[in-house]
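Contents: one structure, followed by commentary.
Hydrogens, waters and symmetry mates play no part in the numbers below; they use all other heavy atoms, side chains included. Computed from a prediction, not measured in an experiment: that's the story for all the values here.
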Amino acid sequence: MACAFKIESHNHPSAIEPYQGAATGVGGIHRDIFTMGARPIAALNSLRFGNINLDHTKFLMKGVVKGIGNYGNAFGVPTVGGEVYFNDCYNQNILVNAMSAGIVKVGETVSACADGPGNPVFIVGSATGKDGIHGATFASADLTENSAEDLPAVQVGDPFQEKLLLEASLEAIQTGQVVGMQDMGAAGITCSTSEMSAKSKTGMVIWLDKVPTRQKNMLSWEILLSESQERMLIVCKKGGEAELLKVFEKWDLECVQIGEVTDTGRIEYYMNGTLEADVPADSLVLGGGAPVYQREYSTPKYFAEIEAFNPDLINEPKDLISIAKKLTSNPNIASKKWIYEQYDKMVRTGTMTSVKESDAAIVRVKGTNKALALTVDCNSAYVYLDPYKGGMIAVAEAARNITCSGGIPVAITNCLNFGNPHNPEVYYQFVHALKGMGDACLQFETPVTGGNVSFYNQSVLKDKTEPVFPTPTIGMLGILDDVNTFTSLDFKNEGDLIFLLGVQNNEITYSEYLSTIHQIKHAPAPYFDLKSEWELQSTVQKIIRNKAIESAHDISEGGLFISILESAFASQKGFNITIPSDVRKDIFLFGEAQGRVIVSVSPFKKQSFLSLIEQDGIPYLELGVVGGTELYVDKTCYGSIIEYQKIYLESIQTSIDE
């Protein structure tokens, strides 16, 4: 068996029409999966919004979440994971990245090709309307105060129609009559006909007047560029037309021949017998003759502020308890329950993490003892502060989430969200983030199987241009060869020992603590060492396979305290930890140095656990024990689980309701 997975953006449409923008983004990415012959079994999303206290942000957030939930729930694929960040740079230009993963038997995949001159070409699914015309153009322009006026007729998603299309497409593939198939995404018929022809070095003749339409008297260019949803292009074996038509008739879907494959290498579009366009197939797609740009880039001016950062000016607060509570309520840290409770994560009954929480979503592959581990990750603030290091961290954190859940990282897909590439500073971010991601992927041996690039994510307001933070979202796939290696993040037993694994770097660098408490936005990105990170994860994988630990949870936003707190929430068991005497308490508790994992260990397995750790030379600290319902740090009670859980669960809900 194999897994088909991909992530793509639907940013600009969601910023203007959040409900349908997000819904059609979900529908589109699922179509990419089942067009290959794979059945989607899981969805994830990565969302970026502006200041949560702004009414505009609340409006966009409610629409996006409802769009994702309504489409995915009706389509019948569980939304199993995701991430949500808030930052002022996304006030106007939000980011909506959708990921889908599906399962297919090896040898039963279908390519987006157009082999065999003389083979018929069919359009299947929904009728074509005037929605989404110039959608691709709209997505490649800056957002301004007048962007809503330029919005093409918004595509309207129909998850029930897509469910029929899914079943019909998979059944059609089983007939053996499908030569090639492709979803109609950006630029509609123009894109799918040219891409499929270019891939096979063939051509097509297309009769646009045969295309089923929703509106009368549609012009040829409107039919060509429409981005109506729930449509596919299929190349069928000549002579297999009747068998194909029978399948789509069964599912009550339109299936109409609109052309045939040729050997000319050109696409000829006819309307009522009149030749409307005649172009080389490979002139319209990336594979043929696209220009390669060597763009100018320059070091961002704001780097001077980062270099001027003086850690000696950051005074250590005396009241760490109030800081712990304030960070717990930070929207980038607090529970996203208000969002994910609107998603169905139980449908198809394969989601193991619907019962036990872990760092990655775990989805059982039915009929086997294996499972998929899936995650989306990117801390864009890190990438903004250091594009190269931030790009590496995005990959490493995704891998760390999969590792801590009991899986082995296998491959990534990515969604590269950046500003205008003509801006030299933005292009600097792009170039160096890619280098960082590439180096990390080489270290973790995780090939990049696909994804997309979304430029022009910036807002132009009153002559001021504000690019979003560079956000190269990583969608990572991992495999659990044995579901019994699944490791959750919750503490298990009273008296279990709590250990910190990895390098404890005590430098004052950027963190939510520094940003929220000290109002410092420009500081060096957190400590990160690629080789140490890889060694740590290799060891964590080993101790999980040896059943030497009870739980594992990586350290990310909010630092060590938040990580341990989340394990306490998931188990309703408190903790009692001690901070080493040679470190600053605030940095130890709330710093975000990378390459660290919190594990809990049964006292009966302590020696075997330490033996495995010490064999690999992994740094570690024994912090304390699990127990009670209160949270102790250095013998000081920071409060109860119930107290912190109330803050953690209600923060975003309260902001939305205000």
*Between F430 and Y427, is the gap from one ring center to the other below 6.0 Å?*
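Ring-ring flag for F430/Y427: true, centres closer than 6.0 Å.
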_Before we go on, tell me: are the rings of Y513 and H518 under 6.0 Å apart, centre to centre?_
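Yes, close enough.
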With no hydrogens and no angle check, do the side chains of [X] and [Y] hold a donor and an acceptor under 3.5 Å apart?
| X | Y | result |
| --- | --- | --- |
| Y90 | T471 | yes |
| N97 | T473 | yes |
| Q537 | T403 | yes |
| N417 | S9 | no |
| S14 | N11 | no |
| Y382 | E592 | yes |
| K345 | T351 | no |
| E512 | N330 | yes |
| Y297 | Q429 | no |
| E533 | Q594 | no |
| T24 | Q229 | no |
| Y293 | H422 | no |

*asked:* Salt bridge check, E195 against K199: does any charged N sit closer than 4.0 Å to a carboxylate O?
replied: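 No salt bridge links K199 with E195.
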*Thinking salt bridges, do R400 and D359 make one under a 4.0 Å N-O criterion?*
no
_Run S459 and E466 through side-chain hydrogen bond (donor to acceptor under 3.5 Å, both in side chains) and show every step you take._
CA-CA 5 Å; S459 303; E466 182 185 16; 5.7 Å; no
_Identified side chain to side chain contact (heavy atoms under 4.5 Å, CB included) partner of R545 from the options I408, D481, D482_ = I408
Name every donor-acceptor pair, under 3.5 Å, that has one atom in a side chain of residues 501-509 and the other anywhere in the protein, sequence neighbours excluded.
residue: Q504; atom: OE1; partner: R596; partner atom: NH1; Å: 2.6
residue: Q504; atom: NE2; partner: N506; partner atom: OD1; Å: 3.0
residue: N505; atom: OD1; partner: E507; partner atom: N; Å: 2.9

Mind listing the side-chain donor-acceptor pairs of residues 431-447 below 3.5 Å, one per line with the distance, residues two or more places apart or on another chain?
residue: H432; atom: ND1; partner: Y428; partner atom: O; Å: 3.0
residue: D439; atom: OD2; partner: Y388; partner atom: OH; Å: 2.5

Over all heavy atoms of both residues, which pair between [X] and [Y] is shortest? Give the atoms and the distance, please.
| X | Y | value |
| --- | --- | --- |
| E357 | A570 | OE2-CB, 4.0 Å |
| I29 | A98 | CG1-O, 3.6 Å |
| I393 | P526 | CD1-O, 4.4 Å |
| I479 | L372 | CD1-CD2, 3.8 Å |

*Given F75 and H30, is the ring pair (Phe, Tyr, Trp, His ring centres under 6.0 Å) satisfied, shown in steps?*
CA-CA 10 Å; F75 184 55; H30 282 318; 5.1 Å; yes
*Please say whether more than 12 non-hydrogen atoms of neighbouring residues, nucleotides or ligands are located less than 6.0 Å from CD in Q519.*
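Correct, the count exceeds 12.
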*Partners of F49 by ring pair (Phe, Tyr, Trp, His ring centres under 6.0 Å), sequence neighbours excluded?*
none
